[in-house]
Amino acid sequence: MKILAGVYEQVVKRNPGEPEFHQAVKEVLESLEPVAEKHPEYVKAGIFDRIVEPERQIIFRVPWVDDNGVVRVNRGFRVQFNSAIGPYKGGIRFHPSVNLGIIKFLGFEQIFKNSLTTLPMGGAKGGSDFDPKGKSDMEIMRFCQSFMLELYRHIGPDTDVPAGDIGVGAREIGYMYGMYKKIRNEFTGVLTGKGIEYGGSLTRPEATGYGLLYFMDEALKAKGKSFEGKTVVISGSGNVAIYATEKAHQLGAKVVALSDSNGYIYDKDGINLDTVKLIKLVQRGRISEYVKYHPTAVYKEGCRGIWTIPCDIALPCATQNELDGNDAATLVKNGCFAVGEGANMPSTPEAIEIFLNNKVIFGPAKAANAGGVATSGLEMTQNSMRLSWTFEEVDSRLKSIMQSIYANVSSAAAEYGAPDNLVMGANIAGFKKVAAAMYAQGIAY
Ligand code: NDP
């Protein structure tokens with residue numbers, strides 16, 4: 001970094017103790033250096049200095065009462081990062097690891113991802129350090145209601161439209177939506193990921209996983225390859241991992257491994273997705289239980305070991321920094337030729353460098369996993385129009401959005417002299433639209 005080094009230094013100084021946020025900003029600014037050279041007017045207008053500073057950061061207390069009558073207190077966050085191209089949009093994460101830095105990294109990434117979808121959505125993210133694991137339905141409900149009792153004043157269908165993320169699925173969205181509606185006395189599309197009965201979109205649960213496969217399919221096709229007959233390893237066993245597995249199977253690949261934060265399963269015959277759905281979606285159990293149903297499969301403690309399983313294609317779909325330089329080197333050594341990021345920032349900078357240096361086809365998160373938010377955008381459209389599209393209609397729009405994202409990202413990479421570097425292509429393509437909008441709207445913005 002030359003022109004933008006000062007911007008990065010300022011971010012580190014102004015946001016101490018937020019390594020994930022620094023990491024996300026550094027990667028983007030490194031890619032944008034040639035854009036800064038080509039557009040001195042953006043440097044002069046402070047676009048780079050402004051885009052790394054959230055427009056608004058909200059931190060709030062979330063008190064709730066557990067089943068034993070004990071008062072618990074968690075911390076809630078909403079970071080409204082950038083509204084240059086549309087209302088703020090981004091998920092809510094409930095996980096004990098959540099802090100301001102994590103939410104800022106996710107909100108920052110969301111700006112570029114949302115821009116890539118071609119839909120009019122700004123970037124935001126929210127969440128809480130609440131741990132939904134082991135909580136009863138009533139505890140989850142009381143927590144979600146308390147969370148919304150503060151969040152409602154900051155969101156709205158034309159202001160900020162949250163969605164799900166880790167730990168927030170249809171159940172949590174339902175509880176939050178119910179509370180929002182009660183407070184506001186309005187039935188609007190203020191959250192996405194809603195149930196079908198009250199304004200949700202068909203294909204939203206599948207969208208991130210399916211979209212990942214559509215994106216990677218394009219990237220593989222560009223190199224004369226496909227998913228047909230390939231062995232795939234997918235980390236995680238939540239929303240993204242489950243539907244990535246489903247689409248991989250539909251495209252003729254064999255997914256042999258899945259994980260959770262405790263360990264991973266390996267089924268050489270191919271993962272039986274019905275069993276995984278039963279364990280994870282119905283019983284809300286652990287992935288280790290899979291081997292009870294399929295005794296020829298094996299379960300190993302420790303989630304990281306999953307990257308030692310030989311595969312053609314790896315799809316990290318669990319969480320940030322879950323795949324480091326050692327894991328990347330092992331994957332490459334074992335013949336893995338493509339990696340698609342379903343999770344947000346799952347690969348460390350060292351891992352990405354190894355993939356790019358070894359000509360691995362690498363689909364970066366902000367492009368490859370944009371299918372979820374794109375379909376959330378389609379849910380907003382359906383809500384505004386007061387109608388609902390069929391599964392096939394939403395799925396075909398999702399597929400064509402992912403194809404255009406791939407086309408835009410690869411052409412931006414080629415335009416800036418790095419045709420196979422989709423990381424650079426995604427950062428540049430996502431940035432250009434937001435930068436042009438910020439420039440047009442003046443400096444007060
Ligand atoms: P879920 O909560 O549904 O699932 C997360 C899964 O990852 C769980 O199986 C969880 O296991 C596992 N996991 C968490 N930490 C680790 C770890 N360190 N190692 C291995 N597995 C782990 O979340 P989603 O599937 O919705 O989200 C997964 C990722 O995808 C996140 O990075 C999210 O930001 C990203 N994403 C999600 C979108 C969506 O539409 N849902 C959209 C775009 C991105 P455990 O049960 O043990 O915690």
Side-chain angles (χ1 to χ4, degrees), residues 20 24 89-98 102-103 105-107 109-110 113-114 116-117 123 125-127 130-135 162-173 192-193 201 203-212 215 233-245 257-265 276-277 279-281 283-290 300-307 315-324 327 340-348 363-377 379 398 402:
E20 293 85 2
K89 179 98 196 82
I92 292 177
R93 176 178 290 192
F94 291 163
H95 194 271
S97 66
V98 163
I102 298 269
I103 298 298
F105 117 65
L106 291 163
E109 292 275 297
Q110 199 80 41
K113 182 187 307 194
N114 292 3
L116 285 171
T117 65
K125 200 81 187 188
F130 172 73
D131 186 358
K133 262 191 228 131
K135 304 287 189 299
D165 189 73
I166 291 180
V168 179
R171 173 180 60 169
E172 292 75 17
I173 293 288
T192 57
S201 174
T203 326
R204 178 60 190 92
E206 294 84 355
T208 308
Y210 278 23
L212 170 66
F215 181 91
V233 163
I234 299 183
S235 63
S237 48
N239 174 267
V240 180
I242 285 175
Y243 292 105
T245 304
L258 286 174
S259 61
D260 60 23
S261 53
N262 296 113
Y264 67 93
I265 50 163
V276 175
K277 284 184 178 174
I279 296 168
K280 300 305 283 192
L281 303 180
Q283 300 169 347
R284 294 184 187 274
R286 309 302 298 159
I287 201 66
S288 56
E289 289 157 37
Y290 181 89
K300 296 224 167 130
E301 281 291 326
C303 46
R304 210 103 195 185
I306 195 168
W307 307 123
L315 304 174
C317 294
T319 194
Q320 64 273 356
N321 291 328
E322 55 162 311
L323 195 165
D324 66 14
D327 302 322
E341 296 189 316
N344 283 310
M345 209 168 77
S347 316
T348 63
K366 55 174 87 62
N369 75 21
V373 72
T375 308
S376 278
E379 183 174 331
L398 167 65
M402 297 315 293

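In listed order, ligands and their atoms are each counted from 1.
Atoms CD and CZ, from Glu172 and Phe130 in turn, are 8.0 Å apart once rounded to the nearest 0.5 Å. Atom CG of Asn344 is separated from atom NZ of Lys125 by 5.5 Å, given to the nearest 0.5 angstrom. Annotation: the span from Gln320 atom CD to Phe105 atom CZ amounts to 4.5 Å, rounded to 0.5 Å. The structure places CG of Leu323 at 7.5 Å from OG of Ser235, a figure rounded to the nearest 0.5 Å.
Near ligand 1, residues Arg93, Lys133, Asp165, Ile166, Gly167, Arg204, Thr208, Gly236, Ser237, Gly238, Asn239, Val240, Ser259, Asp260, Ser261, Arg286, Cys303, Cys317, Ala318, Thr319, Gly342, Ala343, Asn344, Asn369 come within 4.0 angstrom through at least one heavy atom.
Applying the side chain to side chain donor-acceptor pair (under 3.5 Å) rule to Arg171 yields the partners Asp137; only residues at least two apart in sequence or on another chain are considered.
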List the steps, then state whether side chain to side chain contact (heavy atoms under 4.5 Å, CB included) holds for Leu281 with Ile242. CA-CA 10 Å; Leu281 303 180; Ile242 285 175; 3.9 Å; yes
